[in-house]
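Notes follow once the structure below has been shown.
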Amino acid sequence: MEKLNKNGFLNAFGILVYVVLVATLMQNGDRLFGQADNFVSPIAFLLLFSLSATIVGGLMLGKPLMLYFDGKKKEAVSLFLATSGWLAGFTILAFFVIFLIK
């Protein structure tokens, strides 16, 4: 159980790091790429959105699905819940920081 909790933390932390990187990219997009009002911008955004869904989905569901299909259903659910719990904790922490900054 300890290992599943640690893996859940690592998965959620990986999602956190990825979200921070994407948010930083999006917040500084004008400085990095200039003002872009062309047909490529929405394409790039949708590609980034699709990539994000793939990466986050892999971190959130990859190992639990492998465990589930290997017949380790209890471990799969435990890992999914651990990852979800850590992710919820990071989300609450982010809103708490926003509240403190405000």
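This structure is a prediction, so every number in the text was calculated from the model and none was measured. All values below were derived from every heavy atom in this structure, side-chain atoms included, with hydrogens, water molecules and symmetry-related copies excluded.
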Single-linkage hydrophobic cluster, 4.5 Å side-chain cutoff, Phe96 and Val20 together: no

Phe80 vs Lys63, side-chain contact (heavy atoms from CB on, under 4.5 Å): CA-CA, chis, key distance, verdict: CA-CA 9 Å; Phe80 178 77; Lys63 186 66 174 176; over 6 Å; no

Pairwise distance CD(Gln35) to CZ(Arg31) - rounded to 0.5 angstrom: 13.0 Å

Straight-line distance of Leu10 CG to Leu16 CG, nearest 0.5 Å: 12.0 Å

Shared hydrophobic cluster, Leu81 / Leu61 (ILVMFWY, side-chain heavy atoms < 4.5 Å): yes

Heavy-atom check, side chain of Phe90 versus side chain of Phe13, under 4.5 Å: yes

Asn5 and Trp86 side chains, donor-acceptor separation under 3.5 Å: yes

Gap between atom CG of Asn7 and atom CD of Glu75 - 0.5 Å precision: 12.0 Å

Within-4.5 Å side-chain heavy-atom neighbours: Phe45 and Met26: yes

Hydrophobic cluster identity match, Phe49 and Phe33, side-chain contacts under 4.5 Å: no

Heavy-atom closest pair, residues Pro64 and Ala76: O-CB, 3.1 Å

Any side-chain heavy-atom pair of Tyr18 and Leu51 under 4.5 Å: yes

Whether Asn38 side chain and Ser41 backbone form a donor-acceptor pair below 3.5 Å: yes

Nearest-0.5 Å distance, NZ of residue Lys73 to CG of residue Leu67: 12.5 Å

Common cluster, Ile92/Phe99, ILVMFWY with side-chain heavy-atom separation under 4.5 Å: no

Linked, directly or transitively: Ile55 and Leu48 (ILVMFWY side chains, under 4.5 Å): yes

Any side-chain heavy-atom pair of Leu87 and Met60 under 4.5 Å: yes

Reported OH-to-CG distance for the pair Tyr68 and Leu79, which is rounded to 0.5 angstrom: 15.0 Å

Min side-chain heavy-atom separation Ser52-Val22 under 4.5 Å: yes

Any Thr83 side-chain heavy atom under 4.5 Å of Leu59 side chain: no

